[in-house]
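Working notes for the structure below.
The basis for the numbers below is simple: all heavy atoms, side chains too, and nothing from hydrogens, waters or symmetry mates. As the structure is a prediction and not an experimental result, all values here were calculated from the model.
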There are 2 protein chains.
Amino acid sequence: MANTATATASDAATPGSMGDVRRSNLALVLGTVAQSPAGFHLTRAQIAAATGLTKASVSSIVLDLLEAGILHEIGLNPQGERGRPGVGLELNPARGVMGMEINVDYIAAGATSLSGTVVVQEIRERDNRDTASGPVMAALASLAAEVRAAAAAKGMEVLGGGLAVPGLVDAGSATVITAPNLGWVDVKLDVAQLLPGLPLGVTLFNEANAAALAELAHGPHRKQDFLFISGEVGVGGGLVIRSELFTGPEGHAGEVGHIVVDPEGRPCSCGGTGCLETIAGQDAIFAAAGIEGKRQARSESMSALMEALAAEKPDAVLAVQRAGRSLGVAIASTSRVTNIRAVVLGGHFAVLEHWLRPPLVESLSKYAPGKILPENITTAAVGEGGALLGAAGSVVRSLLEAPHRLHS
Amino acid sequence: MANTATATASDAATPGSMGDVRRSNLALVLGTVAQSPAGFHLTRAQIAAATGLTKASVSSIVLDLLEAGILHEIGLNPQGERGRPGVGLELNPARGVMGMEINVDYIAAGATSLSGTVVVQEIRERDNRDTASGPVMAALASLAAEVRAAAAAKGMEVLGGGLAVPGLVDAGSATVITAPNLGWVDVKLDVAQLLPGLPLGVTLFNEANAAALAELAHGPHRKQDFLFISGEVGVGGGLVIRSELFTGPEGHAGEVGHIVVDPEGRPCSCGGTGCLETIAGQDAIFAAAGIEGKRQARSESMSALMEALAAEKPDAVLAVQRAGRSLGVAIASTSRVTNIRAVVLGGHFAVLEHWLRPPLVESLSKYAPGKILPENITTAAVGEGGALLGAAGSVVRSLLEAPHRLHS
DNA sequence: TTATATAGTTCAAGCGATAAACTAACCGCC
DNA sequence: GGCGGTTAGTTTATCGCTTGAACTATATAA
């Protein structure tokens, strides 16, 4: 599973004009402000020093960004220094984006400010398994409208949105190519209708990719390069390289759930054989542990598994150990192909870390020694709402990288 | 094995100035000329139409490129059309680059024009196995000087060079991190001394990556996305995505030879277990086929294998079938992780294609059905000198993408 | 109050792309 | 051969954006 919105349209042979310089510097200034530590407000002079632009250019650029409503002046901040105090600048707290998520058991929507602060968040349980997209989208639209209204009540205008879905997506056409657990195949979503009138529209994301982006933005280490592995009913992945999602030629890279970890293994729902998902997916683990993985009772099945593990029941322990070893094989191979050296475990892999880690580490040292050190295997810092936050964050980021799309 | 020279230095927060526009348009014009069909010479007016730049801008840019010696005016070409005939432009045929290669059994050097035409090429047999780098480099320097003189005699000035080596390299520091079959570990090469006085210097490449780039430039299909798999003593790979080498965070992506294809398999020279190389590498195939893979006799071993296959000797047939199946597993996993949908087989995989293809195709349909169609499995179009041509071509390409580095 | 230091703005200059006018070179046709 | 038509390429004025220096604004220190 993999996809994104960042299409880096650099292949088109387009003439470069002076406007490009402006756009580039607009993004440079905005990026500098966005990356400054929270609560600390850069001044124009500091931005000039940090970017290498002249004060004159920074003033002119900041003026544009203020007019576009992206930046905001905070009063003077005389810090006891000599000289005239500067005017602090911050991302306009009255502008934000919405993140939304459709998953198997719930729909969710939340609004965050441009700096990533969550202002409203709402999760609504809903069984979306094998449901047509229409009713799900309608329910989400209603939820999104509520959240948007709540954000507006707090003085925040929503500029754009991102929607995460557990399946292969094509962001350009807002189409879900396959979402096995929703039963969706080639479903075109009317994302514009979800949140009408947004200047930036709504972008579609793959759930694992969005969660990987959330890890990038909110994770503690601020790693530039890592593989995020999302353990849900399916096993998905998001590959972050140089702080960008790596999407491959068609936007579907990172499908670690379908790496072959046992050539003699069982058939997979994808049509392949011996995929990681057939051993380390939730259903596979439950089955191997002798736990009934009934519909609707997924969280209960997980509780049952945890109890069985705590009681050291052999079936459960062996099932998780086998999953850990297979995960190691898949990560080893991924590391060789993509040169990635850090892994973040999400979903049930994070929950099961205690039992999963020893076989995983052992497996990695057997199949790719020295490539991925144990300290570079971590669990997700962002929990349940990860995909939602990631989708929202990605929309913010694309705005910050191309601020000229707004008004200016 | 993977690496490259293209470092895409876009992460540095550097202010964009008007010079950037010039550089960008310089590259745009040059790229347009370079991509025009061979023998056909674009005029300034045609370039203006193709790029969207004005005639005035194109004239000014072309002037710069003429002064830098990169472009060359060919006389007027009245084509029976009405109106004033235009002046044809081409890449200056009197400028070129050198490609060089150090491999286990030989060293090689060649000079190509900026448009990719090979002007001189020289391969010199030499046993470099477990040899210190000094003598090898000295021998290559002497060979390179000869080739450079021969090119000069034909009126070609060499601007830069590329050196391909069978191992992991760090292009930035011109260091060979490991080249198992040469016995080199952390060897810093004095590439500048190899060809003194070049305006563009000499860049280091991994051999499989360079060969992949050659396939990109010279292959018949002009595919934008493919995985090149180089079958030598080791199994290397080069991943081309959107016409660029994908190098991963540290420049070592594409090591398909060390994907785990059999978790219960044998230990690999890399320290791992069950790597593709332990089943599909030359030594592994020879051993499984019951052929003595002695030093120096590698080409003879290959001949022996071909004979054994022709005679349908079971050991040989089974060895190659197993290699094909394992190759399929590795390609299936790579396809999932990188979203690649086409494969080009090089080295002994190309030689053995007849026997390798059936088990490979079968394996792919078992492990990643629908992902890689049989017609997207092809063999290398460029033969022996592939790495050399690829290295040279990559140096040319980096010049065409940043022509301002020359004089202008 | 004055000196000093820093923030931010104004203004002339330079560079590069653009559009339109202009010159150059060829074809066809009478 | 001369003239209109057509296309190629250059010249010129203008515009947009960054730059650097001068200038104004506002603080602290003595």
Side-chain angles (χ1 to χ4, degrees), chain A residues 13-30 32-33 36 40-67 71 73-90 403-404 408, chain B residues 13-30 32-33 40-67 71 73-89 403-404 408:
Chain A
T14 161
S17 194
M18 276 155 296
D20 296 329
V21 177
R22 184 62 164 192
R23 279 185 278 281
S24 157
N25 287 336
L26 232 42
L28 178 61
V29 167
L30 198 46
T32 307
V33 175
S36 70
F40 182 79
H41 302 116
L42 289 173
T43 66
R44 289 169 175 80
Q46 290 169 324
I47 294 171
T51 57
L53 290 162
T54 55
K55 291 191 293 176
S57 296
V58 172
S59 276
S60 152
I61 289 169
V62 164
L63 191 66
D64 270 12
L65 294 172
L66 288 172
E67 280 175 0
L71 281 187
E73 282 188 338
I74 213 83
L76 299 185
N77 48 350
Q79 293 161 276
E81 303 278 329
R82 294 231 280 213
R84 167 178 167 179
V87 180
L89 295 165
E90 62 175 4
H404 55 91
S408 168
Chain B
T14 161
S17 194
M18 275 154 297
D20 296 329
V21 177
R22 184 62 166 192
R23 280 186 278 280
S24 157
N25 286 337
L26 232 41
L28 179 61
V29 167
L30 198 46
T32 308
V33 175
F40 182 77
H41 302 116
L42 289 173
T43 66
R44 288 169 175 81
Q46 290 169 324
I47 294 171
T51 58
L53 289 163
T54 55
K55 290 191 295 176
S57 298
V58 172
S59 277
S60 153
I61 288 169
V62 164
L63 192 65
D64 270 12
L65 294 172
L66 288 172
E67 279 174 1
L71 281 188
E73 281 188 336
I74 212 81
L76 299 185
N77 50 349
Q79 294 161 279
E81 302 280 327
R82 296 228 283 210
R84 169 178 166 179
V87 179
L89 295 165
H404 60 272
S408 167

Shortest side-chain distance from [X], nucleotide among [options]:
X	options	result
B/Val21	C/dG16, C/dT9, D/dG9	C/dG16
A/Val87	D/dG9, C/dG8, C/dG16	C/dG8
A/Ser57	D/dG9, C/dA17, D/dT19	D/dT19

Expressed in angstrom and rounded to an integer, what is the separation of [X] atom [atom1] from [N] atom [atom2]?
X	N	atom1	atom2	answer
A/Asp64	D/dT18	CG	C1'	14 Å
A/Arg23	D/dT18	CZ	P	11 Å
A/Leu71	C/dG8	CG	P	13 Å
A/Leu63	C/dA7	CG	P	19 Å
A/Met18	D/dG16	CE	C1'	5 Å
B/Asp20	D/dC17	CG	P	15 Å
B/Leu53	C/dA17	CG	P	7 Å
A/Glu73	C/dG8	CD	C1'	11 Å

Does [X] put a side-chain nitrogen or oxygen below 4.0 Å from OP1 or OP2 of [N]?
X	N	result
A/Asn25	D/dT18	yes
A/Ser60	D/dC17	no
B/Arg22	C/dA17	yes

Inset, instruction - Walk me through it: do B/Ile61 and B/Leu53 pass the test side-chain contact (heavy atoms from CB on, under 4.5 Å)? - result: CA-CA 10 Å; B/Ile61 288 169; B/Leu53 289 163; 4.2 Å; yes
Inset, instruction - Report the residue from A/Val29, A/Thr32, A/Leu89 that forms a side chain to side chain contact (heavy atoms under 4.5 Å, CB included) with A/Leu42. - result: A/Thr32
Inset, instruction - Can you run down the salt bridge (Lys or Arg N to Asp or Glu O under 4.0 Å) pairs that involve residues 48-57 of chain B, sequence neighbours left out, and say none if there aren't any? - result: none
Legend entry - Closest contact, heavy atoms only, A/Arg44 versus A/Val58: O-CG1, 3.6 Å
Inset, instruction - Assign each of A/Pro15 and A/Ala45 to its nearest nucleotide of DNA chain C by heavy atoms, then name whichever residue's nucleotide is nearer the 5' end. - result: A/Ala45
Inset, instruction - Check every strand shown and say whether A/Val58 touches a base, only sugar-phosphate, or nothing at a heavy-atom separation below 4.0 Å. - result: nothing
Inset, instruction - Can you measure from OG (B/Ser60) to CG (B/Leu26) and round to the nearest 0.5 angstrom? - result: 8.5 Å
Legend entry - Side-chain donor/acceptor of B/Ser59 to backbone N/O of B/Ala56, under 3.5 Å: no
Inset, instruction - Only counting residues at least two apart or in another chain, list the ones meeting side chain to side chain donor-acceptor pair (under 3.5 Å) with A/Asp20. - result: A/Arg23
Legend entry - Base versus backbone protein contacts along nucleotides 20-26 of chain D [heavy-atom cut-off under 4.0 Å; B, S, -]: B----BB
